[in-house]
Amino acid sequence: MTAFDNRRAPAASRRTVALCAALAISAGLGACAPLVLGGAMVGGAMVASDRRTSGAQLEDQSIELKADARIGSAVGNRGHISVTSYNRSVLLTGEASSEADKAAAEQAVRGIENIRGVVNELAIAGASSMTARSNDTLLTTRVKGALLEAKDLHANAIKVLTERGNVYLMGRVTEREAGRAADVARNVPGVQKVVRVFEVISEAELASLQPRPASGAASAPR
């Protein structure tokens with residue numbers, strides 16, 4: 001997730017460095033070398049829990065960078081706008097100073113090629129305080145913890161972000177997982193509202209994403 005306001009430049013720079021490093025790794029290493037993305041390793045001993053492809057994860061980072069730049073050109077430093085891309089679906093959260101700025105931010109993002117859609121959840125309000133953002137960060141941590149405790153969910157496949165006490169859930173999940181995750185998040189103290197921004201997949205699609213045992217694995221003793 002990236003956020004645009006007059007204090008965001010260092011964060012954007014860090015994201016640029018991270019994206020360039022990831023691209024360099026994927027381009028420069030051999031086909032069997034591991035690629036670290038989203039806290040997991042692709043192609044090595046660990047299996048990424050993120051249900052996007054490694055290419056989609058890199059593209060999402062690129063979309064967020066482009067969106068930051070375009071929103072900056074469209075609305076300047078007015079408001080506090082966060083951009084989150086997941087599998088090329090873009091979520092806008094935070095605060096815009098006016099309906100015109102809210103529409104301008106969305107229009108700027110819609111001009112980025114290869115995105116699948118934009119969900120505009122910007123509030124018309126002044127930029128939130130650092131205290132409010134700290135509270136949102138704490139609430140995000142609590143929701144993630146609750147999802148981890150739910151043994152019937154793959155918590156690492158669900159992205160959680162919070163704005164003004166409203167929790168947004170993203171990820172590629174089944175309808176069953178979507179409903180369960182929303183219920184879990186809704187019961188965390190302090191959550192004002194839960195907004196599902198999921199890409200719903202079938203149970204069959206989910207099964208196809210699960211890691212399969214190696215073909216050369218030894219059979220179990222009889």
Side-chain angles (χ1 to χ4, degrees), residues 1-16 18 60-112 115-147 158-171 173 178-179 181-200:
M1 179 181 73
T2 60
F4 181 83
D5 66 5
N6 57 350
R7 289 163 289 192
R8 81 184 233 304
S13 298
R14 288 193 298 270
R15 181 172 292 279
T16 302
D60 282 333
Q61 292 182 14
S62 176
I63 288 171
E64 290 177 357
L65 282 170
K66 292 175 182 177
D68 261 352
R70 290 182 181 225
I71 290 173
S73 296
V75 304
N77 290 331
R78 299 187 297 274
H80 165 254
I81 300 176
S82 298
V83 181
T84 308
S85 179
Y86 191 96
N87 212 30
R88 297 184 292 114
S89 291
V90 180
L91 171 66
L92 300 180
T93 56
E95 302 83 32
S97 61
S98 65
E99 287 287 353
D101 279 350
K102 177 178 180 178
E106 178 176 341
Q107 189 62 34
V109 175
R110 287 191 181 279
I112 299 172
I115 67 168
R116 301 170 60 215
V118 179
V119 177
N120 191 343
E121 286 286 317
L122 291 172
I124 307 303
S128 57
S129 66
M130 293 305 297
T131 298
R133 295 181 206 179
S134 296
N135 290 337
D136 285 340
T137 299
L138 178 59
L139 195 52
T140 293
T141 300
R142 289 174 176 168
V143 171
K144 288 180 177 179
L147 292 173
I158 300 172
K159 181 184 285 289
V160 182
L161 55 146
T162 307
E163 292 277 2
R164 303 178 312 283
N166 299 323
V167 172
Y168 299 87
L169 303 176
M170 304 181 79
V173 299
D183 286 342
V184 170
R186 197 174 290 118
N187 287 313
V188 173
V191 172
Q192 301 299 311
K193 181 175 70 171
V194 175
V195 181
R196 293 166 38 165
V197 199
F198 288 126
E199 176 187 343
V200 176

Counting N and O atoms only, with roles assigned by atom type, does the side chain of Arg70 sit under 3.5 Å from a partner on the main chain of Gly111, one being a donor and the other an acceptor?
yes
Between CG of Asn166 and NZ of Lys193, what distance do you get to the nearest 0.5 Å?
5.0 Å
Closest non-hydrogen contact found for Val75 with Ala105 is CG1-N, 4.3 Å
Applying side-chain contact (heavy atoms from CB on, under 4.5 Å), run through Thr140 and Lys144 and close with a yes or a no.
CA-CA 6 Å; Thr140 293; Lys144 288 180 177 179; 3.7 Å; yes
Val160 vs Leu169 side-chain heavy atoms within contact, under 4.5 Å
yes
List the atom of Arg196, the atom of Ala182, and the distance in Å for their closest heavy-atom pair.
CD-CB, 3.8 Å
What do the steps show when you test Val90 against Val119 for side-chain contact (heavy atoms from CB on, under 4.5 Å), and what is the final call?
CA-CA 6 Å; Val90 180; Val119 177; over 6 Å; no
What distance do Leu91 atom CG and Ser85 atom OG have between them, rounded to the nearest 0.5 Å?
10.0 Å
Looking only at side-chain N and O atoms, does Ser89 offer a donor or acceptor that is under 3.5 Å from a partner on Glu199?
no
Provide the closest heavy-atom pair for Ala74 versus Ala104 in the form atom of the first, atom of the second, distance.
CB-O, 4.1 Å
Where the side chain of Glu95 meets the backbone of Ala125, is there a donor-acceptor pair that is under 3.5 Å apart?
no
Backbone N or O of Met170 within a donor-acceptor pair of the Lys159 side chain at under 3.5 Å?
no
Tell me whether Arg186 contacts the main-chain N or O of Val191 through its side chain, where contact means a donor paired with an acceptor under 3.5 Å.
no
Mind checking the CD1-CZ spacing from Ile115 to Arg110? Nearest 0.5 Å is all I need.
6.5 Å
Short question: side chain of Asn120, backbone of Lys102 - any donor-acceptor pair under 3.5 Å?
yes
Return the OG1 to CG distance between Thr84 and Leu161, rounded to the nearest 0.5 Å.
4.5 Å
Candidate pair Leu92 and Ile71, rule side-chain contact (heavy atoms from CB on, under 4.5 Å), full reasoning
CA-CA 11 Å; Leu92 300 180; Ile71 290 173; 4.2 Å; yes
Are any of the side-chain heavy atoms of Glu64 and Asp68 separated by less than 4.5 Å?
no
Please name the pair of heavy atoms, one in Asn87 and one in Arg116, separated by the smallest distance, quoted to 0.1 Å.
O-CD, 3.0 Å
Ignoring hydrogens and geometry, is there a side-chain-to-backbone donor-acceptor pair from Arg164 to Gly94 under 3.5 Å?
yes
Calculate, to the nearest 0.5 Å, the distance between atoms OG1 and CE belonging to Thr137 and Met130 respectively.
8.5 Å
Taking every heavy atom of Val143 against every heavy atom of Ala185, the minimum-distance pair comes out as CG1-CB, 3.9 Å
For Ser97 and Arg78, which heavy atoms make the closest approach, and how far apart are they?
OG-CB, 3.7 Å
For the residue pair Thr162 / Asp136, report whether a side-chain donor-acceptor contact shorter than 3.5 Å exists.
no
Quick check on side-chain contact (heavy atoms from CB on, under 4.5 Å): which of Asp101, Thr93, Val109, Leu122 does Ile81 satisfy it with?
Leu122
